[in-house]
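Worksheet: the structure to be examined is printed underneath.
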Amino acid sequence: MDVLGLRGKVAVVTGGGGNIGTATVRLLGRLGANVLVADSNIETAENAAACTREDGADAVAVKCDVRRPDDIERMVEVALERWDRLDVGVNIVGGGDGMGKSALELTDEEWEASVETNLYSAVRCCRVFARVMLERNTAGSLVNIASPAGLRAAPAMVAYGASKAALINFTWTLAVELGPKGIRVNVVVPAFVPHPGMSWGGSEEEQAALAR
């Protein structure tokens, strides 16, 4: 069923190989969209794309480091070469250095890494996505994934929380700027989602408890 009007549309999902990313990619595919799965880990991206194709949608995986502007441009070029349109851009990439440290312990390099990963990557992707949508007069949609750490105090993850708070404000502002031009912009703040290898949140049992 074309519940959300996505049948035949094209979505690009950054961080599409992760837990939230794979779920997002597969949902978009089930709703009728063609999906480009972008991730710095090409194996997880290919797995998500393969699952989406098994669900009946067209999907392709691309290795992309969204901290690199050239990678972002190439990612979008692949989507346009394959489907000749771009309707939805979802930015899920997140993380950063310095987890477990206080605000006074973080180095400049750790701050910069968090801001680059959580804020600048989404800013750059939104800029490219929106440019393509405006050039093609597409009534598109941009979605940024933030975190509860961006809405309240975030001890031991201050740089992550601050950069996600900035992402939330950026999204609100972009929504006001692009709404009149036919592009919807939203931010989603999911609950804690554990994933293999996560260093924050304690043991697997403690992470599972946080996720409930």
Out of curiosity, Leu31 CG to Arg7 CZ, how far, rounded to the nearest 0.5 Å?
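Interatomic distance, Leu31 CG to Arg7 CZ, rounded to 0.5 Å: 8.5 Å.
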Can you tell me how far apart CG (Leu151) and NZ (Lys164) are? Round to the nearest 0.5 Å.
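Going from CG on Leu151 over to NZ on Lys164, the span is 11.5 Å.
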Using a 4.5 Å cut-off on heavy atoms from C-beta on, say whether the side chain of [Y] contacts that of [X].
| X | Y | answer |
| --- | --- | --- |
| Glu73 | Val128 | yes |
| Arg131 | Val76 | no |
| Val188 | Ile145 | yes |
| Met133 | Leu142 | yes |
| Met75 | Val12 | yes |
| Val62 | Leu36 | yes |
| Ile20 | Pro190 | yes |

Which heavy atom of [X] sits nearest a heavy atom of [Y], and at what distance?
| X | Y | value |
| --- | --- | --- |
| Ser147 | Val189 | C-CG1, 3.3 Å |
| Ala48 | Val37 | CB-CG1, 4.0 Å |
| Ala59 | Ala49 | CB-O, 3.7 Å |
| Ser163 | Asn118 | OG-ND2, 3.2 Å |
| Gly161 | Ala154 | CA-CB, 4.2 Å |

Other residues, nucleotides, ligands: >12 heavy atoms within 6.0 Å of Glu43 CD:
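Result for CD/Glu43: open.
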Treating Ile, Leu, Val, Met, Phe, Trp and Tyr as nodes and any side-chain heavy-atom pair under 4.5 angstrom as an edge, say whether [X] and [Y] lie in one connected cluster.
| X | Y | answer |
| --- | --- | --- |
| Val25 | Ile92 | yes |
| Leu106 | Val115 | no |
| Val60 | Phe129 | yes |
| Met157 | Leu119 | no |
| Leu134 | Val10 | yes |

Restricting to pairs with a member in residues 16-27, which pass salt bridge (charged side-chain N to carboxylate O under 4.0 Å, His left out), not counting sequence neighbours?
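Of all non-adjacent pairs touching residues 16-27, those that pass salt bridge (charged side-chain N to carboxylate O under 4.0 Å, His left out) are Arg26-Asp55.
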Provide the full list of salt bridge (charged side-chain N to carboxylate O under 4.0 Å, His left out) pairs with a residue in residues 136-152, sequence neighbours left out, each pair given once.
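Passing the test, one end in residues 136-152: Asp84-Arg136.
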In sequence, state the C-alpha distance, the side-chain angles, and the governing distance for Asn91 and Ser121, and then conclude on side chain to side chain contact (heavy atoms under 4.5 Å, CB included).
CA-CA 8 Å; Asn91 297 305; Ser121 67; over 6 Å; no
Please list, one pair per line, the donor and acceptor atoms closer than 3.5 Å that link side chains of residues 166-187 to other protein atoms, with sequence neighbours excluded.
residue, atom, partner, partner atom, Å
Thr171, OG1, Asn144, ND2, 2.9
Thr171, OG1, Leu167, O, 2.7
Thr173, OG1, Asn169, O, 3.1

Excluding sequence neighbours, so at least two apart, what forms side-chain contact (heavy atoms from CB on, under 4.5 Å) with Arg67?
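Testing Arg67 for side-chain contact (heavy atoms from CB on, under 4.5 Å), a comparison that skips the adjacent residues, returns Asp65, Glu116, Thr117.
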Contacts of type side-chain contact (heavy atoms from CB on, under 4.5 Å), residue Glu81, not counting sequence neighbours
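Checked Glu81 against side-chain contact (heavy atoms from CB on, under 4.5 Å); matches are Arg74, Glu77.
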Holding to salt bridge (Lys or Arg N to Asp or Glu O under 4.0 Å), I want the full list of residues that pass it with Arg85, two or more places apart in sequence or in another chain.
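With sequence neighbours excluded, Arg85 shows a salt bridge (Lys or Arg N to Asp or Glu O under 4.0 Å) to Asp87, given in chain and number order.
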